[in-house]
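Report on the structure given below.
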Amino acid sequence: MTEKIENVTLNYKFYKGEDIYSDGDIENDILEIVKTKSPSEIEELLTEGNNWPILYHLSPIRQNILRWYDFDKTESILEIGSGCGAITGLFCEKLGRVVGIDLSKRRSTINAYRNKQYSNLEIMVGNFEDIVIEEKFDYVSLIGVLEYSIYYINSENPFIDMLKKARKFLKPGGRLIVAIENKYGMKYWSGAREDHTGKEFDGIQGYRDVEKVRTFSRGKLESMLMEAGFKTNDFYYPVPDYKLPLEVYSEKYLPKEGAFKEISPSYDLSRMLYFDEIAAYNSVCEDGLFQQFANSFLVVSK
């Protein structure tokens, strides 16, 4: 079964009728916004309000994560966890074919309405583990998704298996794109609560009593990618994080002492400040340790 929303195809063949992952009823408001407001009206709305889910799902700043990346219009991408389409529109602009996968019909409908002008977009609704795709892609993306692999993959090693499964959808020479928080990000040491659990020091202490989510250190993430078959892993560092990135650093150009002027945002969560985070960041930059304490990673792997 399929549905068309203007130029976008929604594919429900593998949808089981239940939206497993959701931000709640606020998504109905987001759907109404994208159905009734123009892009300029949405941007104006974002400047006036302070509702985090609306900002997170609709802010154009989200696209900074890959706006700089040199995609080719002849290439294709499989966007796993396409959600409400925050990055999908950028992919549609830069690549020739975009296939999104998301657990949620409501989120996929939001995605379709906000990107309805693109004829190169198909959204498949359902669990990634259940969906059958014979097609191979130049890119597969896991942006804000790998940490939730337990929702997608039923196995003893869901994070490794998610990476392996994603790799199977790549053409020879294709690339995997991963964006995820660093469990040892500086903001967590200085007093920001863990983004997924809302608890201080949760990732740093090994996610005690947490079943559904995990983030990783730089070294652990790289070793997982290597184990999954990705031998070349280029790390980038979105600042302040991958959610609303204002800058993206690379191994060739890392921040220097003095680069940080503000503490890391905590968005919808209150936070403490146990030490001078700016001074600490400047210190680790001076000592060549920024990569270990960056709040987020962006990795392009092949």
Side-chain angles (χ1 to χ4, degrees), residues 21 52 56 65 80-81 141-153 155-164 166 176-228 230 233-245 247-251 254-255 260 263-275 277-278 280-281 283-285 287-301:
Y21 187 80
W52 168 242
Y56 175 68
I65 188 73
I80 300 170
S141 71
L142 295 169
I143 297 176
V145 172
L146 181 61
E147 58 266 44
Y148 295 110
S149 294
I150 295 170
Y151 285 93
Y152 291 89
I153 304 295
S155 75
E156 293 184 1
N157 299 294
F159 302 100
I160 296 292
D161 290 341
M162 169 65 90
L163 294 171
K164 289 180 177 179
L176 175 71
I177 300 170
V178 176
I180 188 171
E181 296 89 348
N182 176 10
K183 69 182 293 185
Y184 297 121
M186 181 65 75
K187 70 177 185 180
Y188 294 141
W189 293 101
S190 68
R193 290 189 277 167
E194 211 280 345
D195 286 14
H196 307 90
T197 69
K199 299 178 181 178
E200 290 182 347
F201 310 118
D202 220 354
I204 293 170
Q205 297 179 115
Y207 291 104
R208 295 178 298 187
D209 302 318
V210 177
E211 295 181 357
K212 291 292 187 179
V213 68
R214 291 288 185 277
T215 58
F216 309 97
S217 67
R218 188 196 183 286
K220 178 63 174 179
L221 180 57
E222 185 169 24
S223 69
M224 289 167 56
L225 287 161
M226 295 283 286
E227 183 177 343
F230 296 97
N233 300 289
D234 296 326
F235 274 75
Y236 301 88
Y237 307 94
V239 172
D241 54 39
Y242 85 86
K243 292 181 175 69
L244 294 176
E247 300 171 296
V248 180
Y249 289 94
S250 70
E251 294 287 352
L254 293 168
F260 292 89
I263 65 171
S264 303
S266 196
Y267 304 121
D268 61 330
L269 298 172
S270 62
R271 64 161 295 174
M272 301 296 290
L273 187 63
Y274 294 119
F275 56 75
E277 182 184 315
I278 298 170
Y281 249 142
S283 182
V284 300
C285 288
D287 290 345
L289 297 172
F290 169 74
Q291 300 99 310
Q292 308 304 321
F293 294 98
N295 287 328
S296 292
F297 304 121
L298 170 69
V299 195
V300 180
S301 304

Practice item. Hey, could you give me the NZ/CD1 distance between K164 and I153, rounded to the nearest 0.5 Å? Key: 12.0 Å
**Study point:** Contact check, side chains of I150 and E211, non-hydrogen atoms, under 4.5 Å
**Key:** no
Exercise for review: Dump the intermediate steps for side-chain contact (heavy atoms from CB on, under 4.5 Å) on M162 and Y152, then the final yes or no.
Suggested key: CA-CA 8 Å; M162 169 65 90; Y152 291 89; 3.5 Å; yes
Review point. Minimum heavy-atom separation for Y249 to L254, with atom names?
Key: CD2-C, 3.8 Å
Review point. E200 versus Y274: any side-chain heavy-atom pair under 4.5 Å?
Key: yes
Practice item. Identify, with sequence neighbours excluded, every residue that meets side chain to side chain contact (heavy atoms under 4.5 Å, CB included) alongside Q205. Key: F201, R208
Review point. Can you tell me how far CG of L163 sits from CG of L221, rounded to the nearest 0.5 angstrom?
Key: 7.5 Å
Check your understanding: Hey, does Y56 have a side-chain heavy atom less than 4.5 Å from the side chain of D268?
Key -> no
**Study point:** Geometric cation-pi criterion R214 and F159, 6.0 Å radius, 45° cone
**Key:** no
Review point. Which heavy atom in Y148 sits nearest to a heavy atom in V213, and how many Å separate them?
Key: CE2-CG2, 4.2 Å
Check your understanding: If we only count heavy atoms from C-beta on, is the Y281 to V239 side-chain gap below 4.5 Å?
Key -> no
Give the table of side-chain donor-acceptor pairs shorter than 3.5 Å for residues 176-187, with sequence neighbours excluded, one pair per line with atom names and distance.
{"unit_1": "E181", "atom_1": "OE1", "unit_2": "H196", "atom_2": "NE2", "d": "3.4"}
{"unit_1": "E181", "atom_1": "OE2", "unit_2": "K243", "atom_2": "NZ", "d": "2.3"}
{"unit_1": "N182", "atom_1": "OD1", "unit_2": "Y184", "atom_2": "N", "d": "2.9"}
{"unit_1": "N182", "atom_1": "ND2", "unit_2": "Q292", "atom_2": "O", "d": "2.9"}
{"unit_1": "N182", "atom_1": "ND2", "unit_2": "A294", "atom_2": "O", "d": "2.8"}
{"unit_1": "K187", "atom_1": "NZ", "unit_2": "D195", "atom_2": "OD1", "d": "3.2"}
{"unit_1": "K187", "atom_1": "NZ", "unit_2": "D195", "atom_2": "OD2", "d": "3.2"}

Check your understanding: Sub-3.5 Å donor-acceptor pair from the side chain of N295 to the main-chain atoms of D241, do we have one?
Key -> no
Review point. Is it true that the side chains of R193 and S270 contain a donor and an acceptor less than 3.5 Å apart?
Key: yes
Exercise for review: Hey, could you give me the OG/CD distance between S190 and E277, rounded to the nearest 0.5 Å?
Suggested key: 3.5 Å
Exercise for review: Decide yes or no for F230 and V299: does some side-chain heavy atom of the first lie under 4.5 Å from some side-chain heavy atom of the second?
Suggested key: no
Practice item. State, without any angle test, whether Y237 and E247 hold a side-chain donor-acceptor pair at a distance under 3.5 Å. Key: no
Practice item. Evaluate the side-chain proximity of M224 to F216: yes if any heavy-atom separation is below 4.5 Å, no if none is. Key: yes
Check your understanding: Distance only, no hydrogens: is a donor on one side chain within 3.5 Å (strictly under) of an acceptor on the other, for Y188 and S264?
Key -> no
Review point. What are the two closest non-hydrogen atoms of S296 and P238, and how far apart are they?
Key: O-CD, 3.5 Å
Point to revise | Flag side-chain contact, heavy atom, 4.5 Å: L244 against P240 | key: no
Point to revise | Residues which pass ring pair (Phe, Tyr, Trp, His ring centres under 6.0 Å) with Y242, listed by chain and number, not counting sequence neighbours | key: none
Practice item. Identify the two heavy atoms, one from E194 and one from T215, that lie closest to each other, and give their separation to 0.1 Å. Key: OE2-OG1, 4.1 Å
Review point. Is there a side-chain contact between L269 and Y267 (heavy atoms, below 4.5 Å)?
Key: no
Revision key, fill the gap. Heavy atoms of A166 and L142 approach each other most closely as CB-CD1, 4.4 Å
Practice item. Can you see which heavy atom on F290 is nearest to which on F260, and at what distance? Key: CE1-CZ, 3.5 Å
Review point. Rounded to the nearest 0.5 Å, how far apart are OG of S149 and CG of N157?
Key: 11.0 Å
Exercise for review: Using a cut-off of 6.0 Å, state whether more than 12 heavy atoms not belonging to D209 lie near its atom CG.
Suggested key: no
